[in-house]
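What follows is one structure encoded as structure tokens, with my remarks underneath.
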Protein chains: 2
Amino acid sequence: MPEVNQQLIAERLQISVATVSRCFTNHPGINPLTRARVFQLAAELGYTHQEMRTGRASKKATATSKPKVTFGVLICSEEEEYYRKDYQNPSEQILAGITECAHVNGVKVEVHLVDPKAVALDDPTYLKIEKFRRRWNGLLLVYPFPSAVLDALAIKMPLVSLVEQYDHAGIDCVDVDHDKGVSSAIEHLREHGHRRIGFFTRRYTVEASWSFRRYAAFVEKMARLRLTVSPRDIVNMFPSKELGEAESIEYAAERTLDGVTAWVCAADHQAFELIRGLRKRGIDVPGQVSVTGFDGIAAPRGCPVLSTIEIPFREIGATGTLRLIARVKKHFGSTQHVFIDGRLRAGATVASIRK
Amino acid sequence: MPEVNQQLIAERLQISVATVSRCFTNHPGINPLTRARVFQLAAELGYTHQEMRTGRASKKATATSKPKVTFGVLICSEEEEYYRKDYQNPSEQILAGITECAHVNGVKVEVHLVDPKAVALDDPTYLKIEKFRRRWNGLLLVYPFPSAVLDALAIKMPLVSLVEQYDHAGIDCVDVDHDKGVSSAIEHLREHGHRRIGFFTRRYTVEASWSFRRYAAFVEKMARLRLTVSPRDIVNMFPSKELGEAESIEYAAERTLDGVTAWVCAADHQAFELIRGLRKRGIDVPGQVSVTGFDGIAAPRGCPVLSTIEIPFREIGATGTLRLIARVKKHFGSTQHVFIDGRLRAGATVASIRK
DNA sequence: CGTTTTTTTGCATTAATTTGCATTATTTGA
DNA sequence: TCAAATAATGCAAATTAATGCAAAAAAACG
């Protein structure tokens, strides 16, 4: 076993062990972002603070009163290496919001990673955290969890889900405002003269709630603006036919030549694929057709800066924590969803239409 | 990576760091325009201001005890409407939620009625409350307000709008969860075997946000269920033709005979009209066609109990107050919308489909 | 029980933020 | 019109935040 201790975390993060220690002991005067990084890396490395054993180590800690509320934070994701490790890692931002808000309110948080492939509570990845779970007063969920796990967890403690939408009754959710986001994207296009606007998404094996939600937002906004949308300009959303990746782009290219002047994509990664595909087919973006995305991820190399909606991860984390505090204090109350405005970031993929 | 701090904002805006700081700490004597610019740039740069967390609440802060916060509550409604006692008066419910929550949190509230016909702040109805306004730390708005009034008020103090949806940036909203509501209505219908479901609304002289929103929810849910919706089964929502009241019902009757087995109405009053109209034309509800509403108002005499979604007015009031308290403490941060689950109340207007 | 390893904490340092006071417009009011 | 009041901001000092260093305290290990 490679020794996982605070020193290792400190080295990896290029900070001192003192700082790492202070993160775990809930010291004041720690930058929330630093704390978030430490917690996240600790979760990845599987480091757990002096809780596992006999609990209450410090005698003076108990003396200082404070009923001490503790929240668990579960991040449902592969070892997190996947994306960019650089400055705007989504879960890191979310965690920063969580730790900041939790600290201000005297709440302790414990962060764990769980395997997305685990579909039930008896999976090792959940058994591992079983013993911690008893101490938690509530649970923050980051990214989508299997439905069975939700059901099982929901009866044990209050849950608040961040970034991913659950229709599951009894679970509060905090997410970006899909409606407002799509609405501003469309407005942005309209200001550039676009009228015939299509919607582009793709099918996912696990149902992507946000794809439906953003599609609905698209339909709503177009209706408000009294702009007609031909069902043929909707790619990959029921009832249109389900297409493979290559086919989808081929189809979108065809519709573009037919007169669509702009595409609203349900997510940035789709937008990048679409742009690449269109360009490969000799269609210029944004010269011939404009494209907007949603999520605000960094452009892959060779791709232009996308006009997109940035997701306010940090604020989502903070608001979710606040919501969980309210829920823990007062168990009743209906389920509620909070949607936070994302910012429109104009990029180089939207241009004015040529008359 | 590039250190984003107040100094950077100050340089970019050609002002001193002192001024920037005062914006974030909510100091008096700061030009609202300057403040707006600072917040705008801060959002773009991704600067996040942090509350003083270690602040031992020391010094004078503890001495002054309660800062005494007062909220104004403006109800935009005709007096007759407001004092109507015949059925569960919504604004009464909302007020109950507000006062309850305010009391618990030591906030004072002052309630005023304003005339919906007044479109600007210099109208007598607003001048009347002018002197109170200075004392208020925030404002709760019940029912829709004219856009010009919102703009004027928004720069003076934090606003939270209840029940009505504003796309207006900078105004937080608390409302029933239209999506969840429509979704449960459709699920209810589907459990009774319905597959061909239409959407019924009517046009309003002032744009009814909720009508569009509920329509979008309808489209979304139907897409999720993989149920096709013919545009011809959508009444009074763009791009379908705009019809008068009698025509609308005539048209809905025609579609019903064509095979629509259920109508989702955007609001209860529409549903009652529709039911009356259909029955007059010899179409039995729910025998031949089912109807759902939205709002949970009491049935007028001669009308059956409607299957509908009850709006949790009281909780909306309480949640809105909570939100305003948070806003006053920290009055920057993105706009957010809170949607609270309404309860599906099964009535006598939905029946199982006959094979 | 002594070592060794790991974690916590007092103190110091630097950067960032806040605030008291002064300065410059801008209005108000005879 | 000119002093007085008001508003908005800058300057610089005071305060606070964030973190490292190294010593002290706890745990872990034999």
Side-chain angles (χ1 to χ4, degrees), chain A residues 1-39 41-42 45-64 92 95-96 99-104 108 110, chain B residues 1-39 41-42 45-64 134 155-156 329-332:
Chain A
M1 288 301 171
E3 9 164 350
V4 274
N5 51 25
Q6 298 188 357
Q7 201 162 331
L8 178 61
I9 296 174
E11 278 165 23
R12 292 272 195 105
L13 257 33
Q14 313 248 44
I15 57 179
S16 71
V17 278
T19 305
V20 175
S21 169
R22 277 187 266 251
C23 287
F24 289 110
T25 49
N26 255 0
H27 258 245
I30 284 285
N31 188 330
L33 191 63
T34 305
R35 192 187 300 260
R37 291 208 181 99
V38 168
F39 281 172
L41 184 59
L45 297 176
Y47 173 85
T48 39
H49 195 235
Q50 312 301 114
E51 261 90 0
M52 54 190 318
R53 188 65 77 72
T54 45
R56 301 314 73 174
S58 50
K59 43 246 151 179
K60 45 198 163 188
T62 30
T64 40
E92 190 174 289
L95 265 180
T99 55
E100 177 185 359
C101 179
H103 189 262
V104 168
K108 251 186 85 181
E110 292 176 13
Chain B
M1 176 106 343
E3 342 147 18
V4 277
N5 50 24
Q6 299 188 359
Q7 200 163 329
L8 179 62
I9 295 174
E11 278 166 24
R12 294 274 192 100
L13 255 34
Q14 312 253 41
I15 57 178
S16 70
V17 279
T19 306
V20 175
S21 169
R22 277 186 265 253
C23 288
F24 287 111
T25 47
N26 196 14
H27 253 88
I30 283 286
N31 188 335
L33 191 68
T34 307
R35 171 173 289 152
R37 273 203 288 261
V38 168
F39 288 160
L41 184 60
L45 297 176
Y47 173 82
T48 44
H49 180 77
Q50 286 160 211
E51 306 293 308
M52 309 224 231
R53 59 189 73 70
T54 43
R56 293 271 100 209
S58 58
K59 292 171 185 169
K60 48 237 173 179
T62 27
T64 37
R134 303 178 187 289
I155 58 168
K156 308 202 182 203
K329 265 199 228 153
K330 175 180 155 148
H331 78 140
F332 47 95

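Scope of the values below: all heavy atoms of this structure, side chains included, with no hydrogens, waters or symmetry mates. Labels below follow one simple rule: chain letters A, B, ... track the order of the sequence lines, proteins then strands, and each chain is numbered from 1.
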Quick one: [X] [atom1] to [N] [atom2], roughly how many Å, whole number?
| X | N | atom1 | atom2 | answer |
| --- | --- | --- | --- | --- |
| B:Arg35 | D:dA7 | CZ | P | 14 Å |
| A:Gln7 | C:dT7 | CD | P | 8 Å |
| B:Asn26 | C:dT19 | CG | C1' | 15 Å |
| B:Asn5 | C:dT17 | CG | C1' | 10 Å |
| B:Leu8 | C:dT17 | CG | C1' | 15 Å |
| A:Leu33 | C:dA16 | CG | P | 15 Å |
| A:Tyr47 | D:dA27 | OH | C1' | 12 Å |
| B:Phe24 | D:dA17 | CZ | P | 17 Å |

message = Is it the case that the side chain of A:Ser21 and the backbone of A:Val17 share a donor-acceptor pair, with hydrogens and angles ignored and the cut-off at 3.5 Å?
response =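 No, because the side chain of A:Ser21 does not come within donor-acceptor range (under 3.5 Å) of the backbone of A:Val17.
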ask   = If only atom types and distance count, is the side chain of A:Thr99 paired as donor or acceptor with the main-chain N or O of A:Leu95 below 3.5 Å?
value =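 Yes, the answer is positive, given that a donor and an acceptor are paired below the 3.5 Å cut-off.
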Non-hydrogen side-chain atoms of [X] and [Y] separated by less than 4.5 Å:
| X | Y | result |
| --- | --- | --- |
| A:Pro28 | A:His103 | yes |
| B:Gln50 | A:Asn31 | yes |
| B:Gln7 | B:Val20 | no |

For the side chain of [X], starting at C-beta, report the closest nucleotide among [options].
| X | options | result |
| --- | --- | --- |
| B:Thr25 | C:dT19, C:dT8, C:dA16 | C:dT19 |
| B:Ser21 | C:dT7, C:dT17, D:dT9 | C:dT17 |
| A:Ile30 | C:dA16, C:dT6, D:dT19 | D:dT19 |

request  = May I ask you to decide if the ring planes of A:Phe24 and A:His49 are parallel, tilted or perpendicular, using 30° and 60° as cut-offs?
outcome  =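 Correct class here is parallel.
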Check this one for me: any side-chain N or O of [X] less than 4.0 Å away from OP1 or OP2 of [N]?
| X | N | result |
| --- | --- | --- |
| A:Gln6 | C:dT8 | yes |
| A:His103 | D:dA17 | no |
| A:His27 | C:dT9 | yes |
| A:Thr34 | D:dT19 | yes |

message = Tell me the closest heavy-atom pair linking A:Glu92 and A:Arg37, and the distance in Å.
response =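 That closest heavy-atom pairing would be OE2-NE, 3.0 Å.
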query = At their closest point, which heavy atom of A:Cys23 faces which heavy atom of A:Val38, and how far apart are they?
reply =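 In this case the closest contact between A:Cys23 and A:Val38 is SG-CG2, 3.8 Å.
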Are there any protein N/O atoms within less than 3.5 Å of an N/O atom in nucleotides 20-23 of chain D, and if so, which ones and at what distance?
| unit_1 | atom_1 | unit_2 | atom_2 | d |
| --- | --- | --- | --- | --- |
| D:dG20 | OP1 | A:Ser16 | N | 3.3 |
| D:dG20 | OP2 | A:Ser16 | N | 2.9 |
| D:dG20 | OP2 | A:Ser16 | OG | 2.5 |
| D:dG20 | OP2 | A:Thr19 | OG1 | 2.4 |
| D:dG20 | N7 | A:Arg22 | NH2 | 3.2 |
| D:dG20 | O6 | A:Arg22 | NH2 | 2.9 |

request  = Apply side chain to side chain donor-acceptor pair (under 3.5 Å) to A:Thr19 and list each qualifying residue two or more places apart in sequence or on a separate chain.
outcome  =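 Scan of A:Thr19 (side chain to side chain donor-acceptor pair (under 3.5 Å), adjacent residues dropped) gives A:Ser16.
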Show the distances under 3.5 angstrom between N or O atoms of the protein and N or O atoms of nucleotides 12-14 of chain C.
none

ask   = Going through the distances and angles, do A:Arg12 and A:Leu45 end up as a side chain to side chain contact (heavy atoms under 4.5 Å, CB included)?
value = CA-CA 11 Å; A:Arg12 292 272 195 105; A:Leu45 297 176; 3.9 Å; yes
